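Inspection log for the structure reproduced underneath, given as structure tokens.
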2 protein chains.
Amino acid sequence: MYLALKRSDRMTPIKELTQSLRIPFHFAAKILQRLARKGLLVSLKGRAGGFGLGVAPTEITLFHIVEAIDGVEFTRRCVLGLPACSVENPCALHETWREERDRIYKMLVRKSVAEMAREMKNSLHGLAATKDKDFDGYQTNHS
Amino acid sequence: MYLALKRSDRMTPIKELTQSLRIPFHFAAKILQRLARKGLLVSLKGRAGGFGLGVAPTEITLFHIVEAIDGVEFTRRCVLGLPACSVENPCALHETWREERDRIYKMLVRKSVAEMAREMKNSLHGLAATKDKDFDGYQTNHS
DNA sequence: CTAATTTAGGATAAAAGAGTCCGATTATCA
DNA sequence: TGATAATCGGACTCTTTTATCCTAAATTAG
Ligand code: FES
Ligand code: FES
């Protein structure tokens, strides 16, 4: 979302992002790296390096992000943990759960980063996580 | 579900349950114990001991079980992990997620163990978990 | 070419979770 | 009253997840 709200003609270094959002450097680095490997972001090393969007923010959906970070196995898995989920051998919740699961899937596919960024424009700093970790500005040490 | 399908005039020992369902003894024991502490089941030590339902199977809902096993924090938590979830300070997904979250909540509250047991009556043995663990019948050792 | 900057990614550490084991406790029966 | 059959709950182990750190590689400025 932060990257989506930035002008895209140059790269954004991790340090800028983490200081603005007040989140830990290495934490953000791993996430950005992961999204870049999936092609959602592009990265560039060196002097003017950093991260930028790999595709238009209207094209990046929550589904893509969940897929890159947590995986989307849940769309196929039995909610009770049975080895297979199928209509042939349904568990006690199969029909009920399938309905909710489909709704969530559709929601993930529908929500784009562009849309979300628009909605959070005014409160992006609220992204600071639940626990108050140290962020770059006051970080104890880094060369 | 297994207990709901049994006549309730005497207790069911863990061993009987785990052999019928082909699941590991200690695994089931911990779960049963946990449900008993919450009052969903009753337990009795000694000779004719075992577990039984603590309340009518029509009164035990999925919500009660999730509450006892995994917790139901998710009904209050921000899906993006912000420290608080509220309409005053909503995240980019607040409205969208609230809707799904409510549906899932209602589903959990609606589904009773009685209903589920009825539906799985014929395939309860399918409860054997994803990975094929050893179960009591062939377990390597226990006094 | 060299120094500075910045990401890449493997290694390590820390934390959480799942599953197992075992001694203690409780109840029943002969 | 002693032997036996059970659960109870803490300790322990194993695996997975999360977070951090560190060195290498890439890029650019001078
Ligand atoms: S079989 Fe359980 S959700 Fe489909
Ligand atoms: S504020 Fe994020 S779900 Fe309510």
Side-chain angles (χ1 to χ4, degrees), chain A residues 3 10-19 21-54 66 68-71 73-74 77 80-81 128-136 138-143, chain B residues 3 9-19 21-54 66 68-71 73-74 81 127-136 138-143:
Chain A
L3 292 178
R10 54 189 154 79
M11 297 305 229
T12 303
I14 301 176
K15 197 188 277 186
E16 180 202 314
L17 183 144
T18 55
Q19 285 179 352
L21 262 34
R22 304 169 63 95
I23 58 178
F25 181 93
H26 296 289
F27 174 68
K30 270 281 181 281
I31 296 172
L32 292 168
Q33 204 174 302
R34 213 152 164 182
L35 296 174
R37 242 177 290 164
K38 289 283 180 174
L40 300 177
L41 304 180
V42 289
S43 68
L44 195 64
K45 292 181 183 177
R47 262 281 161 85
F51 288 87
L53 295 184
V66 172
I69 303 293
D70 298 291
E73 276 294 284
F74 81 92
R77 275 250 224 299
L80 291 193
T130 305
K131 312 180 204 165
D132 215 33
K133 297 167 181 298
D134 59 349
F135 50 93
D136 283 316
Y138 304 148
Q139 210 161 37
T140 42
N141 104 40
H142 63 84
S143 57
Chain B
L3 293 177
D9 55 351
R10 53 189 153 80
M11 296 306 226
T12 303
I14 301 176
K15 197 189 279 187
E16 179 201 315
L17 183 143
T18 56
Q19 285 180 353
L21 262 36
R22 306 168 62 96
I23 58 179
F25 181 93
H26 297 290
F27 174 68
K30 270 278 182 284
I31 295 172
L32 292 169
Q33 203 173 300
R34 215 153 161 181
L35 296 174
R37 242 177 289 164
K38 291 280 181 174
L40 299 178
L41 304 181
V42 289
S43 68
L44 194 64
K45 293 182 183 178
R47 261 282 163 85
F51 288 86
L53 296 183
V66 173
I69 303 293
D70 298 291
E73 276 294 284
F74 81 92
L127 275 189
T130 305
K131 312 178 204 165
D132 215 35
K133 298 166 181 296
D134 57 349
F135 50 92
D136 283 318
Y138 305 148
Q139 208 161 40
T140 43
N141 105 40
H142 63 83
S143 60

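Both backbone and side-chain heavy atoms feed into the values below; hydrogens, waters and symmetry mates do not. The chains referred to below are lettered A, B, ... by the order of the sequence lines, with proteins before strands, and numbering in each begins at 1. Only a predicted model underlies this, so the values are computations on that prediction, with no experimental measurement involved.
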For this session: Using the side-chain contact (heavy atoms from CB on, under 4.5 Å) rule, take R34(A) and L40(A) through it: C-alpha gap first, then chi angles, then the decisive distance, then the call.
Result: CA-CA 9 Å; R34(A) 213 152 164 182; L40(A) 300 177; over 6 Å; no
For this session: Between dA27(C), dT20(C), dA29(D), spot the one nearest the side chain of L44(B), thanks.
Result: dA27(C)
Seminar exercise, completed: Comparing nearest nucleotides in DNA chain D, the 5'-proximal residue of the pair L32(B), A48(B) is A48(B)
Problem set entry | Whole-Å distance separating the CD atom of E73(B) from the C1' atom of dA16(C) | 16 Å
Exercise. Nearest to the side chain of R47(A), which nucleotide is it out of dT25(C), dT6(C), dT28(D)?
Worked result: dT28(D)
Exercise. Under 4.0 Å between a side-chain N/O of R37(A) and OP1 or OP2 of dG9(C), yes or no?
Worked result: yes
Exercise. So, does the side chain of K30(A) form a donor-acceptor pair with the base of dG10(C) at under 3.5 Å?
Worked result: yes
Problem set entry | Nucleotide dG19(C), atom P - distance to CZ of F27(B) in whole Å | 5 Å
For this session: Specify the separation, in whole Å, of atom CG of L35(A) and atom P of dA8(C).
Result: 11 Å
For this session: Please state how far atom CZ in R10(A) lies from atom C1' in dT6(C), giving the value in whole angstrom units.
Result: 16 Å
For this session: Identify the heavy atoms of L17(A) and A28(A) that sit nearest to each other, and give their distance.
Result: CD2-CB, 4.3 Å
For this session: Measure the distance from CD on Q33(A) to P on dA26(D) and round it to the nearest whole Å.
Result: 14 Å
Exercise. Closer than 4.0 Å, any side-chain N/O of S43(B) to the OP1 or OP2 of dA6(D)?
Worked result: no
Exercise. Nearest-Å distance, CE (M11(A)) to P (dT5(C))?
Worked result: 19 Å
Exercise. Starting at the 5' end of DNA chain C and moving along, which residue's nearest nucleotide shows up first, G49(B) or D70(B)?
Worked result: D70(B)
Seminar exercise, completed: Separation of dT7(C) atom P from I31(A) atom CD1, nearest Å, is 14 Å
Exercise. Which atoms form the tightest heavy-atom contact between G52(A) and M11(A), and what is the distance?
Worked result: N-SD, 3.9 Å
Exercise. Can you find a heavy atom in the side chain of L41(B) that is under 4.5 Å from one in the side chain of L53(B)?
Worked result: yes
Exercise. Rounded to the nearest Å, what distance is computed from the CZ atom of residue F25(A) to the P atom of nucleotide dC21(D)?
Worked result: 11 Å
Problem set entry | Side chain to side chain, I14(B) and H26(B), heavy atoms closer than 4.5 Å | no
